[in-house]
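Quick notes on the structure that follows.
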Number of protein chains: 2
Amino acid sequence: MNRPTDTSVSAPRACFIAAGLDVLGERWALLALREMSLGVHRFDQIARNTGASRDILTGRLRTLESRGVIERVQYSERPARYEYHLTTSGAEVAPILISLAAWSSMWMRDETPRASYQHSCGADLKPVLLCAECGEEFTPGSLIFGPLVSTAGTDPASDQ
Amino acid sequence: MNRPTDTSVSAPRACFIAAGLDVLGERWALLALREMSLGVHRFDQIARNTGASRDILTGRLRTLESRGVIERVQYSERPARYEYHLTTSGAEVAPILISLAAWSSMWMRDETPRASYQHSCGADLKPVLLCAECGEEFTPGSLIFGPLVSTAGTDPASDQ
DNA sequence: ACAAGTCAGTTGGAAAATCCAACTGACTCG
DNA sequence: CGAGTCAGTTGGATTTTCCAACTGACTTGT
């Protein structure tokens with residue numbers, strides 16, 4: 001064993017789940033996006049509501065901005081002040097937050113009181129995930145591998 | 001102002017998104033669950049496919065087990081060896097992984113080739129999230145706050 | 001006018017989490 | 001018997017995070 005350049009010692013899967021977690025999986029990132037989804041856009045409030053320390057939060061917001069998930073919007077010159085807003089990409093993180101909230105409210109019940117979420121229709125969170133193509137529900141196990149994809153410059157929109 | 005016990009200096013939101021991230025938001029946790037969703041159940045393979053270091057992975061699997069998301073199943077005595085399997089709770093993480101994969105394949109496209117995913121019908125991942133109650137689609141912004149919930153002992157199932 | 005407050009950060013140092021490669025122990029296989 | 005498999009464990013380096021205090025440019029209250 002211990003061959004110098006052994007390619008059979010396979011590298012970690014490069015997949016879109018891993019790529020998504022590169023951006024959204026860092027600590028505080030999803031909570032910051034939650035805040036913006038709920039209409040909170042200012043640094044102090046985001047820091048307070050998430051519990052992230054200010055220095056870390058600064059870094060996260062910069063990363064999310066550089067990855068096109070949020071944008072920094074100046075709302076005051078003269079003390080230069082900025083708000084953080086979701087881009088289209090950031091707004092589309094919502095299904096992840098919703099799935100997470102639904103899973104958590106199903107399986108993470110304990111004694112501590114927590115804010116729950118609802119659909120805007122007023123009903124408790126009970127989302128159903130359907131395949132847009134065949135209309136069937138995504139059941140556990142219905143996720144399978146597709147082909148390798150590498151489409152640089154084929155972004156769906158360059159609006160941000 | 002600056003009243004001694006000022007409740008307006010609010011604590012971080014205690015919500016189900018935050019609670020879910022407590023369990024699923026730690027590094028490598030979702031990637032380990034991805035592996036099990038794809039049928040990989042053994043320690044070495046999970047370590048290889050995720051890229052997690054073995055000591056950290058050990059810790060993650062223990063946490064996930066203690067939170068009821070996975071279970072450790074002995075498949076050999078005499079060298080005591082265990083496999084990791086999703087519980088019902090763990091299997092239901094699938095919508096989160098699917099939403100993440102779909103978001104990522106939409107917005108994280110770059111030059112590096114990545115494995116994509118499909119629905120078992122063979123179509124590319126294009127999930128639609130519907131409210132089970134009203135049937136309407138969850139659009140960005142349709143997530144709103146519900147009441148505070150604290151339902152200890154009201155678990156939907158005690159099968160694991 | 002002057003003190004206090006707001007706001008979006010930055011700073012420095014401590015604490016915690018992660019990384020890494022090597023090692024262990026109980027086997028199986030050729 | 002030696003090599004390989006497998007599920008970890010160990011020790012030490014590295015990275016990330018935490019925390020509280022501080023800054024600078026204002027605004028607001030008295």
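A note on names: the letters A, B, ... follow the listed sequences, proteins ahead of strands, and every chain is numbered from 1.
Atom CG of B:Leu31 and atom P of C:dC19 are 11 Å apart (whole Å). Atom CD1 of A:Ile70 and atom C1' of C:dA8 are 14 Å apart (whole Å). Rounded to whole Å, atom C1' of D:dC6 lies 11 Å from atom CD of B:Gln45. In this entry the distance linking CG of A:Asp44 with C1' of D:dG24 reads 14 Å, nearest Å. If you measure from atom OH of A:Tyr82 to atom C1' of C:dA8, you get 10 Å, rounded to the nearest angstrom. In this structure, CD of B:Glu26 is placed 17 Å from C1' of D:dT15, rounded to the nearest angstrom. Across the protein-nucleic acid pair, B:Arg48 atom CZ and C:dA21 atom P stand 14 Å apart, rounded to whole Å. We find that CG of B:Asn49 is positioned 13 Å from P of D:dC6, with the value rounded to whole Å.
One finds a side-chain N or O of B:Tyr75 lying less than 4.0 angstrom from the OP1 or OP2 phosphate oxygen of D:dA7. Using a 4.0 Å cut-off, some side-chain N or O of A:Trp28 falls inside it from OP1 or OP2 of D:dC18. OP1 or OP2 of C:dC7 has not a single side-chain nitrogen or oxygen of A:Tyr84 nearer than 4.0 Å. Residue A:Arg27 places at least one side-chain N or O closer than 4.0 Å to OP1 or OP2 of D:dC18.
Residues of residues 54-63 of chain A that place a heavy atom closer than 4.0 Å to DNA chain D, in numerical order, are A:Asp55, A:Ile56, A:Arg60.
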A:Tyr82/A:Tyr75 under ring-ring contact (aromatic ring centres under 6.0 Å, His included): CA gap, chis, key distance, verdict: CA-CA 6 Å; A:Tyr82 303 89; A:Tyr75 71 92; 8.0 Å; no

Tabulate atom names and distances for all N/O pairs under 3.5 angstrom spanning the protein and nucleotides 26-30 of chain C.
unit_1: C:dA26; atom_1: O3'; unit_2: B:Arg78; atom_2: O; d: 3.4
unit_1: C:dC27; atom_1: OP1; unit_2: B:Arg78; atom_2: O; d: 2.2
unit_1: C:dC27; atom_1: OP1; unit_2: B:Arg78; atom_2: NE; d: 3.4

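Neither side chain, B:Ser76 nor B:Arg78, offers a donor N or O lying under 3.5 Å from an acceptor on the other. Remark: the A:Ser105 side chain and the A:Ser116 side chain contain no N/O donor-acceptor pair separated by less than 3.5 Å.
Under the 30°/60° scheme for interplanar angles, the aromatic rings of A:Phe138 and B:His119 are found to stand perpendicular.
If you chain together ILVMFWY residues whose side-chain heavy atoms come under 4.5 Å of each other, B:Phe16 ends up grouped with B:Val149.
The main-chain N or O of B:Thr139 is found under 3.5 Å from a side-chain atom of B:Ser142 such that the two form a donor-acceptor pair. Under the 3.5 Å distance criterion, the side-chain polar atoms of A:Thr87 are matched with a main-chain donor or acceptor of A:Gly90.
In this structure, A:Glu77 places its CD atom where only 12 or fewer heavy-atom neighbours from other residues, nucleotides or ligands lie under 6.0 Å away.
Of all heavy-atom pairs between B:Arg60 and B:Arg27, the closest is NE-O, 2.7 Å.
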